[in-house]
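For clarity, every value in this text was computed on a predicted model and none was experimentally measured. As a basis for the values below, the full set of heavy atoms in this structure was taken, side chains included, without hydrogen atoms, waters or symmetry mates.
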2 protein chains.
Amino acid sequence: MSTSRSFHHGDLKTALADSAVRIVEQSGVETFSLREVARDAGVSSAAPYRHFSSKEALLAEVARRGFDQLHDELAEAGASSDRRSSFLTRCVAYIGFARRHPALYRLMFGAFPNKHRYDDLVEAGDRLFALLNDPLAASPSDKAARAIGCWAFVHGLAMLALDNQLRAHLPSEDDDSLLAVLQPLADTLMGTEPT
Amino acid sequence: MSTSRSFHHGDLKTALADSAVRIVEQSGVETFSLREVARDAGVSSAAPYRHFSSKEALLAEVARRGFDQLHDELAEAGASSDRRSSFLTRCVAYIGFARRHPALYRLMFGAFPNKHRYDDLVEAGDRLFALLNDPLAASPSDKAARAIGCWAFVHGLAMLALDNQLRAHLPSEDDDSLLAVLQPLADTLMGTEPT
DNA sequence: CTTTGGTGTAAACAGTGCTAACATATCGGA
DNA sequence: TCCGATATGTTAGCACTGTTTACACCAAAG
């Protein structure tokens, strides 16, 4: 074994992606530079092009990782308990993720020209969507509409949280305040009676 | 009168903002360049700095205009009729705006490092929020929570629309499909009975 | 051992945000 | 009316960016 690490880096591709994630989370995507990633990984400016066809392709990989991570966190968060509280738990966890990784979250849902070229990214997004719909699966009739509504609501809430709009308009921004917003919607979305 | 237009441009500031809006809407914000704006306005690369302290400041002005325009369109859309249908009309109009001006809308809600420096921009956002809350004004009790929920929902829906997620998961993406998603939420948010 | 293909480098190109030094036009006051 | 101060434009340049091209090197297959 010993994946020989003399001249050839060994696994530069994942090293670059690791650096990229760290840099995006620290400094946001506006100032993100491929050359800085290369410096961070200790290689030349042209090296990344052996593994990613463009800066956008590297950012797509970063976003894909973000989707996977969010998916896994939500899967764990709402595993136990009944549908309704699973739904609420996941909503809170979702917004928590967006808050802990604001720049990454913005990248995930930001404008991706040519998004269709990165099918791994698209698939990761679809997996997340499917998981969010999970607690709504047994809801009555107009399933699609409720599913979309669910995601739209949580996503919009997360975005407003990132813009500090929640803090501006809610008494506090802890999980209880969030739940006060989420509760009535959950009842509607799931077709259950308020408890 | 006759704002003398020989050497000094006359009103370069608004001319630059006009060009910037057009360029953002056409090509998105990723490739947006101050120099292109300058070329488009027929001035040198350094001229914009007499009127905007940075590229970000010019983009802030573009975003501010977007907020004002959306505000005005919504104000007109839901002017007549009762609260409930006014709310629904405005939701549809809101998402319609996002779809007709995707890049501009993304800019408006995108990451704005140092957003606090552009108070005009912040105020324009606040005016929009106030207008969206208008139909909910007379709703019972937990007003703030419902108001936030309302905006979050519409905003999230608009974002998903821009990512083509609605087309992917809804039977069609006309206004009727949108209303199917919006209806049950509207009832919940406004504290009225479904009709 | 040799060849071949994958992976790194250095150098260059065009384009970028932004600044500094300079030029000109406009306007308020002597 | 002249005249300086100021606002608004220009040119030239810096440091940086994404990307490409030509080249160097190493690993493994034949």
Hits for side chain to side chain contact (heavy atoms under 4.5 Å, CB included) against B/S53, two or more places apart or cross-chain, chain-then-number order -> B/A57

Can you tell me how far CZ of A/R50 sits from CG of A/L16, rounded to the nearest 0.5 angstrom? 13.0 Å

Considering only NZ, NE, NH1 and NH2 on the basic side and carboxylate oxygens on the acidic side, decide whether A/D18 and A/K13 come within less than 4.0 Å. no

Rounded to the nearest 0.5 Å, what's the gap from CE on A/M108 to CG on A/L59? Could you check? 13.5 Å

Positions of residues 24-42 of chain B (non-hydrogen atom under 4.0 Å from DNA chain C), listed by number: B/F32, B/S33, B/L34, B/R35, B/R39

According to the salt bridge (Lys or Arg N to Asp or Glu O under 4.0 Å) rule, which pairs have a member within residues 105-114 of chain B, sequence neighbours left out? B/R106-B/D163

Could you list the donor-acceptor pairs under 3.5 angstrom formed between side-chain atoms of residues 114-127 of chain A and any protein atom two or more places apart in sequence or on another chain?
| unit_1 | atom_1 | unit_2 | atom_2 | d |
| --- | --- | --- | --- | --- |
| A/Y118 | OH | A/E56 | OE1 | 2.7 |
| A/R127 | NH2 | A/D68 | OD1 | 3.0 |

For A/H101, ring-ring contact (aromatic ring centres under 6.0 Å, His included) partners two or more places apart: A/F97

In degrees, rounded to 10°, what is the bend between the two ends of the helix from C/dC1-D/dG30 to C/dA30-D/dT1, using five pairs at each? 10°

Heavy atoms within less than 4.0 Å of DNA chain D: which residues of residues 46-61 of chain A have one? Give them sorted by number. A/A46, A/Y49, A/R50, A/S54, A/K55

Can you pull out the residues from residues 109-122 of chain A that lie within a 4.0 Å heavy-atom distance of DNA chain D? none

Give me each pair satisfying side-chain hydrogen bond (donor to acceptor under 3.5 Å, both in side chains) with a member in residues 28-47 of chain A, each pair once, sequence neighbours excluded. A/S19-A/D40, A/R22-A/D40

Measure the spacing between CG of A/L74 and OH of A/Y94 and express it to the nearest 0.5 Å. 8.0 Å

Could you note down all residue pairs passing salt bridge (Lys or Arg N to Asp or Glu O under 4.0 Å) where residues 70-79 of chain B supplies at least one of them, sequence neighbours left out? B/E73-B/R100

Hits for ring-ring contact (aromatic ring centres under 6.0 Å, His included) against B/F67, two or more places apart or cross-chain, chain-then-number order -> B/F109

Contact list for residues 147-159 of chain A, test salt bridge (Lys or Arg N to Asp or Glu O under 4.0 Å), sequence neighbours left out: none

